[in-house]
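Quick notes on the structure that follows.
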Amino acid sequence: MFARIFNKPRPDYWQKYIGHFKTKHKNEIAGRRFVVFDTETTGLDVSKDRILSIGAIAVMNDKIDVGDSLELYLKQELFKAGTVEIHGLLKGGNDVKIPEEEAIVSFLDFIKDSILVAHHVGFDVGMVNAGLTRMGLTKLRNKVLDTGVLYKKTGFCKNKENLYSLDYICDQFKLKKHDRHTASGDSYLTALVFLKIISLLNNSKKMKLNDLFFNSDRRGLL
Amino acid sequence: MKNTIAERIYDFLKDFPPFNSLERNHLMTLCEQVKVGYYEKGSYIFKTNEELHNSFYVVKDGAIGIFRDAILVDKCDEGDIFGLRALIRKSNYQLSARAIEESITYAISSNLLEDLITSNTNANKFLLASFATNTLRPYSNTSNGRLYSQEGEFQDNNGDFIHLQSVKKLKPPVICREDTPVDSAAKIMTDNRVGSIIIADNKKPIGIITDKDLRTKIATGIFPIDAKVKQIMSSPVICIPENTSVAEAQIVMLRDRITHLCITKDGTSHTELVGVLSEHDIVVSSTNNPSFLIKEVKRAQSAEKLLGIRIQVQGLMERYLKQHIPIFFVSKIVAAINEAICQRAIAISLEEMKNPLPTSFAWLALGSQGRREQMLLTDQDNALVFEDVPSAQYKKTKAYFLKLASLITKKLNTVGFEYCPAEMMASNPKWCLSLSEWKQQFNNWITHPDEDKIMLSTIFFDYERSYGNRHLVDDMSDSIFKSIDSYGIFLNFLALNAIKNPPPLSFFRQFLVEDDGEHKDRFDIKARAMMPLVDAARLLVISYNIKGHNNTILRFEKLIEEEPQNRDLYAACIDAFKILLRFRTLQGIKHNDSGRFIDLKSLNKSDRLKLKGCFGPIRDIQELIKVRFNLSQMM
């Protein structure tokens, strides 16, 4: 079984994607590209559910670059009527839909070696990884940041044990919520939350990139 | 590809100038390239001397302060543009931009916008205007991007007012060919309900037939009914070009003893016919002109009749404002008619008085009417001065004038000038005084100033004689200036009063609207913007001993003569005052009130910007007053 995976010739897009990781980056936030993204899915089970849409937007030098964004709608056989009322994506729908494989190829091409940011990033990365697995590929190699975890490092967070929803954090930050529960809208909101957190944490401007990945909760274990 | 985020940005920007004048697909392209920035309170978007960014900014949420050194010079809130310097690509940033609230901004590529607006004059103009308000020398005559372009458009046209009213082609001309039988032509005229028909060849007028021709040439039997129009038409026709003034057209008719003129492209019969102007059209247009209305005023026998005329004046004024006729002309005309109405009301009242005048008197218009700035029907403010009489007759004389004054104020009230709630009217015994009493009164205000007296001075100093004995008024003015000369500190008090209402920094949230009462959340354009200019002009003119100039615009013009070195500032004050006066008048017409309180939410972005542009000169003139009258010591 392993042999089958390892021996399979890797498609060009994958080679290209892997190739990006050869570039060495400075340990600085400035100049580094972050891709904030969100997926709308048929449900919350990473192994059974499917991605319906992906919204992704780049953040660089403390700015959200609307020109550097991605919005994809996927053609999926699996359809659950129950989740329609959350994401509003109908199986037919009017948006131009593309096959999952094509979507993931576009996504890989878009994210390159950027740092991925999402709210509860484990789920969204998990959904993409499940798709990659179905295509016979390995998992994403990007570094990831979770706005839910980052939020806990800010002074806004009262109780570090809780899990905080994107809605809750937007309310705390007084951000107006548009287009909630569309992948694009949520990725944009998450990007705003991300910018806000960065500026809260980085008011001395001396923060290094690695500091974002340092988990303060671990201190208790030492 | 669908781009939800860009669509949201589009939805936001499309309502704000200059973006509202861009075409949808152009604006969408712009939105797809926006960079969104988030700024904590206190963080900088750019700093003075920093290299220009390749974009300018629009505030999405929050507020950005623009600072020169540490001084806040402007506040930008939702929809405001800043950092336009990036567009002109000249040197580095001159000012700093700092978030004074947590803010989200849209950075818009200056290259992209440049491509789009070079072809779009509206957007271009707006950006220039925005830029002008943020430049270091906003009053410089060389800056083309002045906000005041609208007021300036007619500035050079200082000729007689009637020239501004050009003839309008009223209806498309009724025409026929030269071989048309007379009866068919008469039928066409009847169907179109006109008294004339133009005989045209290839759209060029060659002759005309009027009702008179049918009467004198057909009905008399000189020509048969089946004659061709060619046989009875008057030819050639007299032509005038488009845009001829009513006065000129009238002269041509009188000179050539004709009743109809053809309006052609170039004013000769060799070009295309665009319209016909009849004597009747001129009569109709002139019943709504100022000189006609003043004649009517003079003929009026009752206050009710005067009210009818005043309503017509309102219509006339609205029309002028819509035609963008300079506000200064409009205010002059309205003032002249108001004065005529007032004089007529006095004359009618005098006829109603049973006894003859015990002595001479003068009627004074105060406040905005005295300054000839009253555009809308506001409260009446007036006073009466009568010649000194021996003390034995004083009581009787005063009673006589009080009765006269109440007759007059009642008539003015009927005309639409409502009673002054503060009773600042000649019918109030306090403001119906003999000459020596008035002199004493003014002297008291000047030598013992307190807040109330200063307030009264500001109203009574702008008096203008609208009726009666001129010498009484001149005598009074001389006495006032003498009192001021001998008690110079009065000017400092007046100066303090003139700066008590600093202009708002910008229309920033609830920053400058009224806090409570009936006009909560509305902007008081009179107290906050116009009165500071009026007060400043009055103070400075008085300090120069200039008499007989009450009008704020004329006062500033006088000041330019006195201080050519401050020309830019005073000229900016004039512009600002004109904009404010027009603005207030339009608001008043729209809401059928005094126009004093403005609902900021009802203003569009360019109106807000225009108003905001007026605050600069106010700030600067108050600064000048502070320095000149050493007010820092008094505060």
Side-chain angles (χ1 to χ4, degrees), chain A residues 36 38 40 53-73 88 93-98 103 106 110 154-155 172-205, chain B residues 1-13 19 27-47 50-51 53-63 77-79 83 86 97-99 101-113 509:
Chain A
V36 187
D38 182 63
E40 293 300 319
S53 76
I54 303 176
I57 190 159
V59 171
M60 202 160 141
N61 296 326
D62 296 333
K63 293 227 172 54
I64 303 170
D65 190 346
V66 180
D68 190 7
S69 65
L70 185 74
E71 187 165 340
L72 299 170
Y73 296 88
N94 291 324
D95 305 303
V96 181
K97 293 199 177 67
I98 54 172
S106 301
F110 179 75
T154 68
Q172 293 298 302
F173 287 175
K174 297 193 179 61
L175 293 171
K176 286 177 198 156
K177 288 174 280 188
H178 278 303
D179 305 299
R180 267 298 266 137
H181 302 298
T182 67
S184 279
D186 279 358
S187 66
Y188 177 70
L189 267 182
T190 309
L192 281 177
V193 165
F194 179 61
L195 283 184
K196 165 108 186 171
I197 291 171
I198 297 279
S199 74
L200 281 174
L201 296 177
N202 193 20
N203 42 22
S204 61
K205 299 279 171 205
Chain B
M1 192 179 75
K2 191 176 155 77
N3 195 334
T4 312
I5 300 161
E7 280 167 21
R8 272 320 140 251
I9 295 171
Y10 172 88
D11 283 341
F12 175 78
L13 290 180
F19 308 107
L27 180 52
M28 201 60 207
T29 317
L30 213 68
C31 293
E32 280 163 8
Q33 301 299 325
V34 159
K35 287 191 167 59
V36 184
Y38 170 85
Y39 298 92
E40 274 298 303
K41 182 177 172 181
S43 59
Y44 283 90
I45 293 88
F46 52 78
K47 288 181 179 172
E50 192 175 313
E51 205 179 308
H53 300 174
N54 54 11
S55 54
F56 66 96
Y57 297 87
V58 179
V59 182
K60 166 62 174 61
D61 287 310
D77 65 349
E78 201 176 293
R98 194 174 78 203
E101 266 181 28
E102 187 177 15
S103 303
I104 294 172
T105 62
Y106 291 156
I108 296 173
S109 152
S110 33
N111 296 341
L112 209 57
L113 186 79
R509 303 282 153 76

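The chains referred to below are lettered A, B, ... by the order of the sequence lines, with proteins before strands, and numbering in each begins at 1. Values in this document were obtained by computation on a predicted structure and should not be read as measured data.
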If I take atom CG from residue B:Asn3 and atom OG from residue A:Ser69, how far apart are they, to the nearest 0.5 angstrom?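 Nearest 0.5 Å value for the CG-OG distance: 4.0 Å.
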From B:Ile104 CD1 over to A:Ile64 CD1, what is the distance, rounded to the nearest 0.5 angstrom?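 Rounded to the nearest 0.5 Å, the CD1-CD1 separation comes to 7.5 Å.
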Compare all side-chain heavy atoms of [X] with those of [Y] and state whether any distance is below 4.5 angstrom.
| X | Y | answer |
| --- | --- | --- |
| B:Val36 | A:Lys63 | no |
| A:Ser199 | B:Tyr38 | yes |
| A:Lys196 | B:Glu40 | yes |

Go through the atoms of A:Ile198 and report whether side chain, backbone, both or neither lie under 4.5 Å from a heavy atom of chain B.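 Looking at A:Ile198, nothing touches chain B.
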Between the main-chain N or O of A:Val66 and the side-chain N or O of B:Gln33, is there a donor-acceptor pair closer than 3.5 Å?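 Judged by distance alone, no pair lies under 3.5 Å.
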Can a salt bridge be assigned to the pair A:Lys174 and B:Glu102 using a cut-off of 4.0 Å between side-chain N and carboxylate O?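 No, no charged N to carboxylate O under 4.0 Å.
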Looking at chain A, which one of B:Val34, B:Ile9, B:Thr105 has the largest number of heavy-atom pairs inside 4.5 Å, strictly under?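 When all of B:Val34, B:Ile9, B:Thr105 are compared, B:Val34 has the most.
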Name the member of A:Leu195, A:Asn61, A:Asp68, A:Leu175 that forms the most heavy-atom pairs with chain B at distances under 4.5 Å.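 Of A:Leu195, A:Asn61, A:Asp68, A:Leu175, A:Leu195 has the most heavy-atom pairs under 4.5 Å with chain B.
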